[in-house]
Q: 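Just dropping this structure here.
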Amino acid sequence: MREAIAEQVHDGDAIALGLALESGIPFAAVHEIIRQQRRDLTLIGPISDMAFDQLIAAGTTARVIAAWVGNVAGGSGYGFRRAYEQAIPRRLVMEDHSNFTVGLALQAAAMGVPFLPTFTGIGGDIVRNHPRIRPIEDPFGGPAPLAVAALRPDVAIIHVQRADAQGNAHLWGNLGLTVEAAYAARRTIITCEEIVPEDIIRSDPNRTMIPGFLTTAVVEVPGGALPSSVQGHWRRDFEPFLDYHRRSRTADGFEAWLREWVLDMPDRAAYLQHMGEAAVERLRVRDEQLAASANFAP
Amino acid sequence: MREAIAEQVHDGDAIALGLALESGIPFAAVHEIIRQQRRDLTLIGPISDMAFDQLIAAGTTARVIAAWVGNVAGGSGYGFRRAYEQAIPRRLVMEDHSNFTVGLALQAAAMGVPFLPTFTGIGGDIVRNHPRIRPIEDPFGGPAPLAVAALRPDVAIIHVQRADAQGNAHLWGNLGLTVEAAYAARRTIITCEEIVPEDIIRSDPNRTMIPGFLTTAVVEVPGGALPSSVQGHWRRDFEPFLDYHRRSRTADGFEAWLREWVLDMPDRAAYLQHMGEAAVERLRVRDEQLAASANFAP
Amino acid sequence: MTAGYTRRELMVVAAAREIHDREVVFVGMRLPLLGFGLARATHAPNAVGLFENGVIRDRPAEAFIYTMGDPPNITGAIACLGLLDVMSLLQQGRVDVGFIGGAEIDPLGNLNTTRTSGSGSLVRLPGSGGGCDIASLAGRTVLIMEHEPRRFRPHVDYITSPGHFPGRRRGGPSTLITTLGVFDLSPTGVRVRTLHPGVTAEQVRQATGFPLDVSDAVQATPPPSTDELAHIRRADSEGFWTRRESPANPLRTMTAG
Amino acid sequence: MTAGYTRRELMVVAAAREIHDREVVFVGMRLPLLGFGLARATHAPNAVGLFENGVIRDRPAEAFIYTMGDPPNITGAIACLGLLDVMSLLQQGRVDVGFIGGAEIDPLGNLNTTRTSGSGSLVRLPGSGGGCDIASLAGRTVLIMEHEPRRFRPHVDYITSPGHFPGRRRGGPSTLITTLGVFDLSPTGVRVRTLHPGVTAEQVRQATGFPLDVSDAVQATPPPSTDELAHIRRADSEGFWTRRESPANPLRTMTAG
């Protein structure tokens with residue numbers, strides 16, 4: 001994780017993460033970015049949950065391009081609010097989107113086109129004087145849509161259930177904007193529950209959401225998305241979201257939280273240890289509800 | 001099959017089929033359309049293989065919107081050529097596309113936008129004076145792309161491995177433009193190898209390529225895509241493609257082929273019987289190469 | 001708690017009644033989710049629910065979910081697609097009704113969940129999520145709000161989710177369900193449909209930050225039936241969404257997402 | 001068959017040499033498919049192959065395939081996506097090199113697979129398939145053709161797959177591999193790179209329907225090595241693609257699709 005972030009994430013980069021919305025948020029990578037003190041980042045995502053709030057409050061972030069920034073469990077993201085309302089710890093530029101427009105912006109980059117048309121947002125303030133959204137005519141004479149300009153992240157960070165050593169990644173459950181962002185991004189970091197032999201991936205090519213030639217780093221980090229959920233691996237852990245919500249209400253509270261859960265943790269293994277074995281085991285999915293078999297024999 | 005075609009496919013309809021390209025071509029439905037003597041159809045698809053050729057030669061078709069019409073095994077589609085070159089059995093209007101532009105046209109309809117931009121085809125004749133493709137400006141000042149107008153089929157016909165009674169359909173292997181067409185079409189007919197209990201579908205919601213509320217008819221037709229392949233169920237049968245290629249070289253030859261394989265066959269069961277049990281069994285996939293398990297337990 | 005049910009339970013019932021059988025519903029979390037489950041269990045057994053993260057369900061999750069991305073909402077879903085797939089279905093016009101919440105509303109049904117200076121100083125709210133998309137693209141929308149004067153404003157500071165405006169292509173807010181009553185929304189403004197049992201016209205006028213014509217003769221919101229209540233309590237067995245009446249509940253400012 | 005290998009085997013080797021290690025290749029069927037497999041097995045072990053139906057492979061199928069949609073091409077693939085997914089990767093510029101065939105070609109590398117009156121009467125060909133897309137969007141394209149005078153025309157009747165033209169955004173045909181030789185293509189036209197062993201300059205001039213400067217001093221296409229040949233013959237054990245030299249072979253008019 002340490003090397004992947006060191007190599008792939010640079011000061012000033014635009015980073016897409018939290019793309020599956022409330023699940024599979026790559027917190028291990030987020031915390032490593034904070035530990036490595038990246039600066040002037042742009043964060044891109046639909047609904048970021050508290051990952052963006054942590055990155056903002058830790059001072060890594062200059063700009064956010066997102067549809068919703070907060071803490072799904074607690075509502076407001078206090079780190080986000082402090083930055084936006086009071087420029088603490090630094091000024092934050094916000095590019096507001098809806099889930100659809102940020103998705104279209106990523107998809108335009110994924111498709112290699114300058115923009116995609118849409119009818120969402122017309123009549124509202126998101127699309128008014130938006131740096132990435134402009135009115136456009138329908139050349140076929142129909143009602144005029146809006147054009148959402150392509151948005152190409154420098155890096156997408158994506159947590160999946162399994163990948164092979166080449167970075168071919170199987171992901172199931174929530175997808176959100178994961179695929180669009182991986183296609184759009186210049187570099188893609190895959191964090192995964194397990195690195196598996198390539199035969200596992202090849203047994204189900206329709207499950208490969210990210211082909212390995214798009215992946216620039218793959219890291220095995222079991223539990224790397226906790227406290228968010230990972231289908232078939234981890235339940236959502238509610239309490240850390242509420243705890244973060246309470247403690248991040250003040251800048252001092254945030255600093256204490258940050259020290260405890262990020263700065264004092266050398267890596268994700270330490271984080272899991274700090275959670276405690278009982279907590280980890282309580283969240284681990286042990287039941288099996290397997291996908292019905294699909295035969296790929298030729 | 002008979003009732004599904006009677007209810008869902010009308011004279012003058014625009015029908016999308018052959019969407020997964022060379023596999024899963026819904027020949028059972030194609031032959032039923034011919035038996036029911038539909039007229040003035042528009043056929044929509046990327047690479048149609050001999051399904052379009054048969055529909056054209058049988059006189060059902062007024063117009064084709066496609067990227068490639070022929071017989072992948074044999075090259076030329078003689079029925080298509082007779083119609084295009086000599087208006088036999090009737091005049092055929094051809095709207096030429098590339099695979100990408102016909103896909104974008106369907107995807108525009110699927111997305112509910114009037115057009116999608118692209119850079120494909122610039123400098124070539126497909127996009128010149130095309131009824132569905134026009135130059136457009138990039139409102140953000142970049143190079144000017146083309147706009148491909150939305151194309152909404154009246155019906156999409158799709159063959160899948162399994163569906164439940166509500167039409168929620170699992171499809172694996174080749175996808176091509178299947179999903180885009182099902183989303184774009186006003187009505188969707190699913191033909192499937194088997195209708196399964198809904199629990200099978202729900203065990204793997206990421207495998208559901210077509211949600212049932214888009215499906216207007218679901219028909220169990222094992223072998224309904226033969227002689228094309230169906231991953232995990234049927235190998236491709238090469239000989240019928242070559243046989244059709246040889247026999248369709250003349251209009252009379254086509255008529256004899258049509259009588260033998262379509263008009264004299266009341267339904268797909270009769271078709272399989274006419275193939276002969278040995279042939280059917282030779283094509284049936286008996287090996288198992290199952291997708292690696294994916295756990296959906298919460 | 002009034003007459004054996006909470007206001008929020010009544011709001012769930014009102015939400016359920018906005019869903020007709022066979023409709024495709026863009027479901028939000030919390031009360032709309034419970035309303036969807038209730039509608040399916042009663043008068044709309046063939047309704048289908050879409051979630052903006054890509055999930056399509058024809059029945060609620062079997063275990064409690066806190067977010068639409070929680071694993072029980074995926075397990076047993078009909079389909080789990082991408083965000084753009086369900087947004088495309090929405091933009092195409094395949095969604096009959098969508099539910100949205102907001103922090104502030106104006107008489108045209110414009111919702112603000114982005115930023116407000118209503119209380120004097122600038123407060124940044126989380127943003128649209130999918131709210132703007134549902135408001136823009138669904139066949140009609142049902143809005144769910146806390147009924148407080150500071151939330152009902154003549155003009156909102158920021159229109160996150162557009163309400164009625166001239167030239168609207170489709171849809172718009174049709175119904176507003178609040179903690180005090182149920183209201184019809186149209187391009188001409190807000191009209192009271194029913195007030196919740198025990199709520200007076202004066203109370204509503206006081207709680208609405210813009211002029212609203214309310215007569216004392218308006219009918220009462222039909223209370224939940226025993227069956228409806230039983231269903232809601234099975235679905236929200238801890239009363240997590242339906243009984244927390246505290247104004248400090250931070251969930252209130254969440255979007256539908 | 002010349003010197004222990006067929007022309008088509010030589011063409012496969014020439015195609016393989018157009019693929020560099022780590023490149024992303026839009027693979028066609030037939031000779032390019034064999035070329036991709038050969039390149040992977042020799043000098044380009046990390047090349048990745050995309051097929052327009054959505055398949056991504058890093059090694060050829062284990063059984064013979066007749067179309068890119070045949071089941072063995074899916075079994076063991078890295079990924080099986082939709083057509084638009086791979087076309088998007090192509091349009092984005094993620095594909096280094098694509099292979100295309102055509103029925104007719106002009107000196108700018110424009111290909112026609114749509115319709116021709118070259119033989120006097122109108123002949124309808126199958127159309128573009130993905131050929132136009134690969135020609136328009138790949139980082140560079142390699143064209144594979146039968147070298148016959150009626151196919152090499154000063155101007156093609158219909159430009160299905162655009163070659164070089166002023167204002168081209170990206171790419172364009174870089175190499176033409178024919179039954180007679182290997183040629184460089186550029187905005188300034190066709191230049192001979194090598195002629196296949198035994199082919200004379202005069203033969204090429206005769207077989208090219210537009211003026212072409214060919215010197216007798218041009219080098220010979222390097223023949224397949226023993227290893228290369230062994231690999232090709234394992235991959236195409238029936239000689240299905242590599243030994244059918246009959247001009248009646250109907251497959252010749254197929255596009256890359």
Q: Using every non-hydrogen atom in the two residues, find where G69(D) and S229(B) come nearest and quote the distance to one decimal.
A: O-OG, 3.9 Å
Q: Say whether, by atom type as modelled, one donor and one acceptor occur between the side chain of N53(D) and the main chain of G176(B) under 3.5 angstrom.
A: no
Q: Between Q91(D) (side chain only) and F119(B) (backbone N and O only), is there a donor and an acceptor less than 3.5 Å apart?
A: yes
Q: Is a donor on one side and an acceptor on the other found under 3.5 Å between the side chain of S128(D) and the backbone of S98(B)?
A: no
Q: Most heavy-atom pairs under 4.5 angstrom with chain D, which of A20(B), G103(B), G24(B), G77(B)?
A: G103(B)
Q: Rounded to the nearest 0.5 Å, what separates atom CZ in F100(B) from atom CD1 in I134(D)?
A: 12.0 Å
Q: T114(D) versus D125(B): any side-chain heavy-atom pair under 4.5 Å?
A: no
Q: For R170(D), which atoms come within 4.5 Å of any heavy atom of chain B: side chain, backbone, both, or neither?
A: neither
Q: Can you check whether L83(D) reaches L175(B) side chain to side chain, under 4.5 Å on heavy atoms?
A: no
Q: Output the option from D85(D), I74(D), V86(D) having the highest count of non-hydrogen pairs under 4.5 Å with chain B.
A: I74(D)
Q: Can you tell me how far CG of D49(B) sits from OG1 of T67(D), rounded to the nearest 0.5 angstrom?
A: 7.5 Å
Q: Give a yes or no on this: more than 12 heavy atoms of other residues, nucleotides or ligands lie within 6.0 Å of atom CZ of R91(B).
A: no
Q: Please state whether the side chain, the backbone, both or neither of F165(D) comes within less than 4.5 Å of a heavy atom of chain B.
A: side chain
Q: Can you say whether S121(D) sits under 4.5 Å from chain B via the side chain, the backbone, both, or neither, judging by heavy atoms?
A: neither
Q: So for W172(B), is it side chain, backbone, both, or neither that comes closer than 4.5 Å to the heavy atoms of chain D?
A: neither
Q: Please determine if D96(B) and R124(D) form a salt bridge, counting it only when a charged side-chain N lies under 4.0 Å from a carboxylate O.
A: yes
Q: Mind checking whether T120(B) and S136(D) have side chains closer than 4.5 Å, heavy atoms only?
A: yes
Q: With chain D as the partner, which of S23(B), G121(B), S48(B), G70(B) has the greatest number of non-hydrogen pairs under 4.5 Å?
A: G121(B)
Q: Tell me whether R63(B) at atom CZ has more than 12 heavy atoms from other residues, nucleotides or ligands lying less than 6.0 Å away.
A: no
Q: For L242(B), which atoms come within 4.5 Å of any heavy atom of chain D: side chain, backbone, both, or neither?
A: side chain
Q: Kindly compute the distance separating NE2 (H97(B)) from CG (D133(D)), expressed to the nearest 0.5 Å.
A: 11.5 Å
Q: Hey, what do you get for CG (N99(B)) to SG (C132(D)), rounding to the nearest 0.5 Å?
A: 10.0 Å
Q: For F238(B) and D70(D), which heavy atoms make the closest approach, and how far apart are they?
A: CE2-OD2, 3.9 Å
Q: I'd like to know whether CD of Q92(D) has more than 12 heavy-atom contacts from other residues, nucleotides or ligands below 6.0 angstrom.
A: yes
Q: In sequence, state the C-alpha distance, the side-chain angles, and the governing distance for N174(B) and M68(D), and then conclude on side-chain contact (heavy atoms from CB on, under 4.5 Å).
A: CA-CA 9 Å; N174(B) 287 308; M68(D) 61 181 69; over 6 Å; no
Q: Would you give the length of the straight line joining atom CD of E52(D) to atom CG of L21(B), rounded to the nearest 0.5 angstrom?
A: 6.5 Å
Q: Given Y84(B) and R115(D), is the side-chain contact (heavy atoms from CB on, under 4.5 Å) satisfied, shown in steps?
A: CA-CA 10 Å; Y84(B) 186 92; R115(D) 55 179 152 79; 3.2 Å; yes
Q: Select one option (side chain, backbone, both, neither) describing which atoms of L122(D) are under 4.5 Å from chain B's heavy atoms.
A: both
Q: So which atom in I122(B) and which in P162(D) form the shortest heavy-atom distance, rounded to 0.1 Å?
A: O-CG, 3.5 Å
Q: Relative to chain B, which segment of L81(D) carries a heavy atom at a distance below 4.5 Å: side chain, backbone, both, or neither?
A: backbone
Q: Is it the case that more than 12 heavy atoms not belonging to R169(D) sit under 6.0 Å from its CZ atom?
A: yes
Q: Which bit of V123(D) comes within less than 4.5 Å of chain B, counting heavy atoms only: side chain, backbone, both or neither?
A: both
Q: Between T178(B), L104(B), T118(B), who has the most heavy-atom pairs with chain D when the cutoff is under 4.5 Å?
A: T118(B)
Q: Does any heavy atom of chain D fall under 4.5 Å from the side chain of Q86(B), the backbone, both, or neither of them?
A: neither
Q: Among G232(B), S228(B), G124(B), P143(B), which has the most heavy-atom pairs under 4.5 Å with chain D?
A: G124(B)
Q: Under 4.5 Å heavy-atom distance to chain D, tell me which part of M209(B) shows up: side chain, backbone, both or neither.
A: neither
Q: Any chance you could lay out the side-chain contact (heavy atoms from CB on, under 4.5 Å) test for T75(D) and Q231(B), step after step, and finish with the verdict?
A: CA-CA 9 Å; T75(D) 312; Q231(B) 197 75 29; 3.2 Å; yes
